[in-house]
Amino acid sequence: KLGKVEFSQVLEYDHTGYGTSSTDRKDNLLILSLLATKKIGPRWALVFSGDYSKNGSTVDETYAYDRYTLNAGVGYNF
């Protein structure tokens, strides 16, 4: 069906330990993603996505961050 906008979302959590590092670093990464696609032809679609990432670390001053990412593109199904 042309013109319909479809949405999907992902919530991801990742815990990583760096036991061999000199600081015994541990990170906790949380990512929230939203994807929207809109068909513009039988095989073509517009694709939009946005992500929010928050990384906490035991070495905050170097590895902790908040990041927002926006993407747009065109997709084609073979």
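Partners of Leu11 according to the side chain to side chain contact (heavy atoms under 4.5 Å, CB included) rule, which considers only residues two or more places apart in sequence or in another chain, are Leu30, Leu32. For Asp51, the salt bridge (charged side-chain N to carboxylate O under 4.0 Å, His left out) criterion is met by no residue, not counting sequence neighbours. Partners of Asp66 according to the salt bridge (charged side-chain N to carboxylate O under 4.0 Å, His left out) rule, which considers only residues two or more places apart in sequence or in another chain, are Lys54. By the side chain to side chain donor-acceptor pair (under 3.5 Å) test, Thr16 is found to be paired with Asp14, residues two or more places apart in sequence or in another chain being considered.
Within the structure, salt bridge (Lys or Arg N to Asp or Glu O under 4.0 Å) pairs that include any residue of residues 20-34 comprise Asp24-Lys26, Arg25-Asp27 (at least two apart or interchain). Contacts classified as side chain to side chain donor-acceptor pair (under 3.5 Å) and involving residues 67-78 (residues at least two apart or in different chains) are given here: Ser49-Asn71.
At a threshold of 4.5 Å between non-hydrogen side-chain atoms, the residues Tyr13 and Leu29 do not count as touching. Counting heavy atoms from C-beta outward, Leu35 and Phe7 have side chains that stay 4.5 Å or more apart. Looking only at side-chain heavy atoms (C-beta outward), Thr23 and Thr58 stay at 4.5 Å or farther from each other.
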(Q) Please determine whether side chain to side chain contact (heavy atoms under 4.5 Å, CB included) holds for the pair Ile31 and Tyr52, giving the CA-CA distance in whole Å, both sets of side-chain angles, and the decisive distance to 0.1 Å. (A) CA-CA 6 Å; Ile31 301 172; Tyr52 169 69; over 6 Å; no
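With hydrophobic clusters built from ILVMFWY side chains whose heavy atoms lie under 4.5 angstrom apart, Val10 does not share a cluster with Val47.
Nearest approach of Ala36 to Val5, heavy atoms of both residues: CB-CG1, 4.3 Å. The two residues Gly56 and Asp60 make their nearest non-hydrogen contact at C-OD1, 4.5 Å.
Interatomic distance, Lys38 NZ to Leu46 CG, rounded to the nearest 0.5 Å: 8.0 Å.
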